[in-house]
Amino acid sequence: MSTRLVHLVIDALDPLQLAAFWAAALGWETVAEDSGEFVVRPAGFSYPDPSALPLVFVPVSEPKIGKNRIHLDLATESAAHQAVVVDRLRSLGAAPVDIGQGQVPWVVLADPEGNELCVLEPRPVYADTGPIAAIVVDCSDPTRLARFWSHAADQTPHDSEADFASLRSGSGVGPYLEMLQVPGPKTVKDRAHLDVAPFPDDDHQVEVARLNELGAAAVDVGQGDVPWAVLADPEGNEFCVLTPR
């Protein structure tokens, strides 16, 4: 029994516009859902598959407040490629943003709704991830949080330091899931959250109970009566346990 990572969900004032930005940024396609949501994924993607993590943009009325606790790191192949990616993102509507990063070899931008992202300098570890190198989660205890997410997202521990821990799918494909130590606690609902789902023959309620035993807790974010469960990880980051798929 297990759940595995299937989406990154991003709140948006204008889901169509933000999905269009990210589709162009990643070279992926946009698919409209009946719910008014928009999914950005690679062309020909066979869902769900660890080779890529689809982005799902959902409509909300609340504006972004403060720095996101989950952001995307984008991979590049060379210094020249990094410069090209930064220029292309800026032409699509991204803007430089200062989150206290100081002098670093990567470039910090914000998408058209202010969601932070990093365009990394070329790093061999991300050579085979595709355009998204990593999904980065701010936290106070990377080791503890990585231990939880390795079970929640069906990911294998990859690297660990005092202020950093990374995971990746057991098949060694797709982006990394990384925990990064930052000062300060979580104070508002996350603008972006992860979705996990049980495998087709698993029991949804059993999986929710398993995640609660691992340190998750049920939370109410106004979801009402829905077929999925909304939980928070051990550091309070909301995530959804979808129905088996």
Side-chain angles (χ1 to χ4, degrees), residues 1-11 31 33 35 37 39-42 45-58 68-73 129-130 132 134-139 141-158 165-180 186 189-245:
M1 295 186 298
S2 66
T3 49
R4 79 279 202 210
L5 190 59
V6 293
H7 306 133
L8 176 66
V9 180
I10 301 172
D11 293 349
V31 179
E33 300 287 334
S35 60
E37 301 174 357
V39 180
V40 173
R41 65 190 186 191
F45 181 71
S46 180
Y47 171 84
D49 189 300
S51 63
L53 186 66
L55 310 180
V56 181
F57 297 88
V58 301
N68 287 347
R69 288 182 68 84
I70 295 180
H71 74 267
L72 295 178
D73 280 354
T129 61
I132 299 177
I135 303 96
V136 183
V137 182
D138 292 353
C139 63
D141 188 337
T143 300
R144 178 189 180 211
L145 199 60
R147 187 181 305 116
F148 171 84
W149 278 104
S150 68
H151 295 288
D154 194 28
Q155 302 256 318
T156 300
H158 186 267
S166 68
L167 309 168
R168 200 182 191 193
S169 73
S171 51
V173 297
Y176 288 79
L177 180 59
E178 299 180 346
M179 314 298 152
L180 180 65
K186 179 179 182 289
K189 175 183 174 291
D190 289 336
R191 195 75 177 174
H193 71 264
L194 300 171
D195 276 355
V196 301
F199 288 85
D201 294 329
D202 288 342
D203 184 284
H204 184 249
Q205 291 304 316
V206 169
E207 290 303 318
V208 170
R210 181 182 68 87
L211 294 172
N212 285 333
E213 291 175 359
L214 290 170
V219 293
D220 186 346
V221 294
Q223 66 269 20
D225 185 15
V226 292
W228 60 88
V230 183
L231 304 180
D233 71 17
E235 295 217 2
N237 301 300
E238 299 88 3
F239 69 98
C240 293
V241 185
L242 306 182
T243 53
R245 57 197 63 198

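- Pro175 approaches Ala52 most closely through the heavy-atom pair CD-CA, 4.3 Å.
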**Request:** List the steps, then state whether side chain to side chain contact (heavy atoms under 4.5 Å, CB included) holds for Trp228 with Val241.
**Result:** CA-CA 6 Å; Trp228 60 88; Val241 185; 6.0 Å; no

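- Look at Lys189 and Asp11 and you find a salt bridge, because one of the NZ, NE, NH1 or NH2 atoms lies within 4.0 Å of a carboxylate O, short of that distance.
- Taking the centre of each ring, Phe239 and Trp149 come in below the 6.0 Å mark.
- The backbone N or O of Asn68 lies less than 3.5 Å from no partner atom in the side chain of Arg191, so there is not a single donor-acceptor pair.
- Atom OG of Ser150 and atom CG of Leu214 lie 8.5 Å apart (nearest 0.5 Å).
- Contact check for Asp141 versus Glu235: side-chain heavy atoms found under the 4.5 Å cut-off.
- Heavy atoms only, all atoms of each residue included: Pro200 and Arg245 are closest at CD-O, 3.2 Å.
- Between the side chain of Arg4 and the main chain of Pro198, a donor-acceptor pair closer than 3.5 Å is present.
- When side chains are defined from C-beta on, Leu72 does not count as touching Val136, because their heavy atoms never get closer than 4.5 Å.
- Residue Leu53 forms a side chain to side chain contact (heavy atoms under 4.5 Å, CB included) with just one option from Asp195, Leu177, Ile135, and that option is Ile135.
- Among all heavy-atom pairs drawn from Leu55 and Ile132, the shortest one is CD2-CD1, 4.3 Å.
- Partners of Ser2 according to the side-chain hydrogen bond (donor to acceptor under 3.5 Å, both in side chains) rule, which considers only residues two or more places apart in sequence or in another chain, do not exist here.
- Of all the heavy atoms in Pro54 and Val6, the pair that sits closest is CD-O, 3.4 Å.
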**Prompt:** Which is it for Cys240 and His193 under the side chain to side chain contact (heavy atoms under 4.5 Å, CB included) test, yes or no, and what are the steps along the way?
**Reply:** CA-CA 8 Å; Cys240 293; His193 71 264; 3.6 Å; yes

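- The two residues Val173 and Ser169 make their nearest non-hydrogen contact at O-OG, 2.9 Å.
- For the 3.5 Å distance criterion, the side chains of Asp73 and His71 qualify, holding a donor opposite an acceptor.
- Distance check, rounded to the nearest 0.5 Å: CG of Asp190 to CG of Asn237 gives 4.5 Å.
- Remark: Arg210 engages Glu207 in a salt bridge, criterion side-chain N to carboxylate O under 4.0 Å.
- A parallel orientation is assigned to the rings of His7 and Tyr47, their planes being inclined by less than 30° (bins at 30° and 60°).
- The shortest side-chain heavy-atom distance between His158 and Leu167 does not fall under the 4.5 Å cut-off.
- In this structure, the side chain of Arg41 does not engage the main chain of Phe45 through any donor-acceptor pair within 3.5 Å.
- Taking the side-chain hydrogen bond (donor to acceptor under 3.5 Å, both in side chains) definition, one finds that Arg144 meets it with nothing, sequence neighbours left out.
- Between Val58 and Val9, the shortest heavy-atom distance links the atoms CG1-CG1, 3.7 Å.
- Contact of the Asp154 side chain with the Leu5 side chain is not registered, since no non-hydrogen atoms from C-beta on lie closer than 4.5 Å.
- When atom types are taken as modelled, the side chain of Arg168 and the backbone of Gln155 share no donor-acceptor pair closer than 3.5 angstrom.
- In this structure, the side chain of Glu238 does not engage the main chain of Val221 through any donor-acceptor pair within 3.5 Å.
- For the pair Thr3 (side chain) and Ala152 (backbone), a donor-acceptor distance under 3.5 Å is present.
- If you take CG on Leu211 and NE2 on His151, they are separated by 10.5 Å, rounding to the nearest 0.5 Å.
- Atom CG of Leu194 is separated from atom CG of Asp233 by 8.5 Å, given to the nearest 0.5 angstrom.
- Contact annotation: the side chain of Pro244 approaches that of His204 to within less than 4.5 Å [non-hydrogen atoms, C-beta and beyond].
- Contact of the Leu231 side chain with the Val219 side chain is not registered, since no non-hydrogen atoms from C-beta on lie closer than 4.5 Å.
- Annotation: side chain of Cys139 is not in contact with side chain of Leu180 (no heavy-atom distance under 4.5 Å).
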